[in-house]
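So that the names make sense, note that chain A is the first sequence line, chain B the second, and so on, each numbered from 1.
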Amino acid sequence: MSVVAQGSGTIDAIQRPRSIFQRNLNLVRELSITSFKLKYTGSALGYVWSLVKPLMLFGIMYLVFSILLRAGVGAFDFPVQLLVAIVAWTFFTEATSTAMNAVAGNGDLIRKAYFPRWILVVASTTSALLTLAINTVLVVIITFALGHLDLTWLSLLAPLYYLELIVLVLGLSMLLSSLFVFFRDLGHIWEILSLVLFYGSAVVFPFEIIYTHSKKLADFAGLNPVAQIITDLRHVLVEPDKIPSMASLIGPLAYIPIAITIAVFILGFVVFNRLTPKFAESL
Amino acid sequence: MSAVVEVSHLRKRFRLPLDKSSTLKYRATHWRSSSRYRDLIALRDVSFDIPEGQFLGITGPNGCGKSTLLKILCRIYKADGGYARVNGEFSAFLELGVGFNPELTARENIFLGGAMLGLTRAQLRHKVDEVFAFAELEEFAEQKLKNFSSGMQVRLAFSVAILAQTDLLVMDEVLAVGDASFQEKCFDTFSRYKREGKTIVLVSHDLNSLEEYCDRVILLNRGEIIGDGPAAEVTNAYHRMVADHALAAERDLPSDLSRGDPSQWGSQAVEFMSVSLLDASEQTARRFDTGSQMTLDMQLLVHRDVGDFVCGMAIRRADGLLLSGTNTFIDHVTVSSHSPGEMVSVRYTIDSLPLLAGGYIVQVSVHDVTGSDIYDFAAPAATFHINNMGGHVGMLEMRGRWQVEQERDAPTRAVRQTAG
C-alpha cells in the first residue's frame, strides 16, 4: 500500500532581527544580488558579459581615440589611463541609468509592501558596485600582467575617490529615480546629458588636453565631479609624478567638484524624501 | 488592554488627474491647466482602535475604502489627515508573493520574499525545508518560479508569508486563493493565530469566513464606518444593505415600504417570529453540501384575522443576485388564519440543493393574495454557505445526464447529411 505524502501542518515563525539596520542591509543585499543575477540570467555566457563589455568598450575606445585619433599621444601610459577611466565611467553610467528605473520599475513592490524606499536606490547602486568591483579586479590583473602596476603610497587615496564617485552616484540616483516617477522625459534627457558628460569628463583623452588648449576652459570643465574623479584616479593610480592631479591644474577650484558632489547628494536626499509619500499613488 | 492599532480621524483623498501626461511636451504646452483634477474621497473620518488579541474583519462594497485603509495602516499610503498607528511588529499580506521573481528558483524566492518580510538569509537557511514541506513543494525547490502553476505559487507565497513572527497580521482577501485542501491549511493557520491571541486584521468579502473567525467586524461604505460590532451583527447589517440595494431595483414593491427598519417592514398583520434553516436531521445548520436537504422553517404569528394569505421565499447570492424564489400562491398551497394570536408554521423543503459552493441569503415575505398588502418582509432572514466539494463549477448543479454510445461496426467513413 502506498502512503500519500502529506505536507507538515504548521510552520514556526521566526523572530525578525531586532535591528532595523540589519533588516534593511539584508534587503539591500538580496535585492542587489537578485538584480545582478537577473541581468545575466538566460544568456549563455552569463557573468562573463560583465567582464567582456567593459573590455570591448576599452578595445574600441583605445582603437578609435588612442590609435586613430592619437588622443593620448604624449600622455604617460595612456592605455592604462584609459582603462582606469572606463571602469569608473562604466560604473557611473550603469548605476545612474539603472537607478532611473529603481522606483518606477518596482511599482508592484511599492504598492504592495512597506519597506524604506531608499533601499531600492541603494540596491541599484550596490548592484552596479558589484560590476565595479569585478572590473577593478580585472584592471589590476591586466595592468599587473602588462607590468604597468605601479602602486605607491598615494594609491591609498584611490578608495577616497571611489567613495566620492559612490556618493555622487547615490545622490544622482535618488534624484533621478524619484523625479522619473513623475517626469518620464528624464530618461531621454539623462541619456543626452550622459553623452555630454562622457566627453566633458575626459574619459577618452587626458584632461591635460583641455588644460593646454585653454586654461579658462579647464577651470570650467574641472568643476565637473566626474572629470575631477577620473583625473585624480589616474593621478594616484597610474603615475603620480607624470599625471597631474586636478588640484595641480586648476588650483583651489578643485574643491568645488567635491562640494558639488556633496550638494548633489543632499539635494537628491531631500527631493527623494519629499517625493517618497507620493510613489505608491503615482505608480 | 493596550491597543495594538490606533486609527484616529483618518482622511484620505485621491486626486485623479483628468488627463495624465507627464511628458515635457505636455507640461510645456499645458502648464497653466495643471490643476485639472477630480477628487475622490477614499476615507472621510475613520476612527477605531484594535485591542490586543482581537481578530478584526473589515468589509464593505467595492470602492468603500477598505483597501485604502489597509494601505495606510501598512504605511504604503500617507494619510491626508488623522493618523494610523501600529504599536509593534506587523506583517502585511496585501498580496501573496510580493517581491517574488519568476526568473528565480523557488529556493531563491524564499530568501527574497523572506527579506521583504525583514528576515535575514542566515535565519531563512534553517527554514527552507520546513517551508517546502508546508507548501508541499519539496520536489520543486530548484525549479524556476515561472514554471509553477498559480496554485503552487500561492502555496509557496503563503508559506513564506507566515514565516515572520508578528504582533499584528494584516491580510487582504488572501483567503480567496488556492485549492480547497490548501485553503483548509490556511484556515488552520488562522485558527492557530486566533488561539495564540494574535491581533489580526482581515479584509474580505467572504462574510461567512468573517463570521467564523472575527470577533468584530467593521463595515465601511463610501469611506465611512457604518457598522462596527460583533461579527454576526455587522455581517447581517451588510447582508441587509446588499439585499436592500438589490430590492430597490425591484419595481413591484411599493416604495413607501422602505421607511422604517429596513430589514423588516410591512403592516405586521402577520409577523415572522423566527426563520431558520434545518438540515436533513432537523438540526439548525448554516453550512450545507450540494445535493443535501435544506428546510426553511418559518414561524408566523398572526395578529389579525387575515383569511388566506401568501408566504414566500427567495434565495440570493451574497452579492444580491436573485437566484430563485417562489411562494405558496404560485405553488397552489393554501395558508390561512382567522384567529389572531395563532402561531402558523410554514416550511419549505428543498430535497436536494442544486447550489454550488458560496454564500447565500434567504429572504422571506408574507402578504395578502393580491400582493398589495405586505404583512412582513425580512431580508436577509437567514444566510447559509454551501461547502466547496470540488467537481462542478459555477453556481448551480445542472443535474443533467451524459450519454455516450459507441458502435463497433460503424461505417469506416462518416456520412454527413445535410437537411433539405
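At least one donor-acceptor pair closer than 3.5 Å links the side chain of Lys71(B) to the backbone N or O of Arg111(A).
Interface remark: Phe115(A) contributes side-chain atoms only to the contact with chain B (heavy atom separation under 4.5 Å). For a residue to count as touching a neighbouring chain, one of its non-hydrogen atoms must lie under 4.5 Å from one of that chain's; by this rule Ile110(A) touches chain B with the backbone only. If you measure heavy-atom distances from Leu27(A) to chain B, the contacts under 4.5 Å come from both the backbone and the side chain. Proximity to chain A involves both the backbone and the side chain of Ser91(B), based on heavy atoms less than 4.5 angstrom apart. In this structure, chain A has a heavy atom under 4.5 Å from the side chain of Phe14(B), while its backbone stays farther away. At a 4.5 Å heavy-atom cutoff, Ala92(B) makes no contact with chain A through either its backbone or its side chain.
Within 6.0 Å of CZ in Phe198(A) there are more than 12 heavy atoms belonging to other residues, nucleotides or ligands.
Considering all non-hydrogen atoms of both residues, Glu103(B) and Leu38(A) come closest at CB-CD2, 3.5 Å. What you find for Lys112(A) and Ile76(B) is that their closest heavy atoms are C-CD1, 3.6 Å. For Asp12(A) against Glu130(B), the heavy-atom pair with the smallest separation is N-OE2, 3.3 Å. Nearest heavy atom pair, residue Cys74(B) against residue Tyr114(A), reads O-CB, 3.0 Å. Between Ile162(B) and Ala13(A), the shortest heavy-atom distance links the atoms O-CB, 3.9 Å.
For a heavy-atom cut-off of 4.5 Å, chain B lies close to Arg16(A), Pro17(A), Gln22(A), Arg23(A) in residues 16-24 of chain A.
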Verdict with supporting geometry, Glu108(B) and Lys37(A), salt bridge (Lys or Arg N to Asp or Glu O under 4.0 Å): CA-CA 11 Å; Glu108(B) 290 170 316; Lys37(A) 262 188 207 159; 2.8 Å; yes

Test side chain to side chain contact (heavy atoms under 4.5 Å, CB included) applied to Arg121(B) and Asn26(A), step by step: CA-CA 7 Å; Arg121(B) 188 165 270 261; Asn26(A) 182 66; 4.2 Å; yes

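Among the candidates Met116(B), Lys78(B), Glu89(B), the residue making the largest number of heavy-atom pairs closer than 4.5 Å to chain A is Glu89(B).
We find that Glu281(A) and Lys12(B) are joined by a salt bridge, their nearest charged nitrogen and carboxylate oxygen being less than 4.0 Å apart.
Val98(B) places a side-chain heavy atom less than 4.5 Å from the side chain of Leu109(A). With contacts defined as side-chain heavy-atom distances shorter than 4.5 Å, the pair Thr120(B)/Leu25(A) does not qualify.
For Ser8(B), the side chain to side chain donor-acceptor pair (under 3.5 Å) test picks out no residue, with sequence neighbours left out. Remark: Thr125(A) engages no residue in a side chain to side chain donor-acceptor pair (under 3.5 Å) (not counting sequence neighbours). Not counting sequence neighbours, the partners of Lys194(B) by the salt bridge (Lys or Arg N to Asp or Glu O under 4.0 Å) test are Asp215(B).
In this structure, the separation between CZ on Phe111(B) and CD1 on Ile33(A) is 10.5 Å, given to the nearest 0.5 Å.
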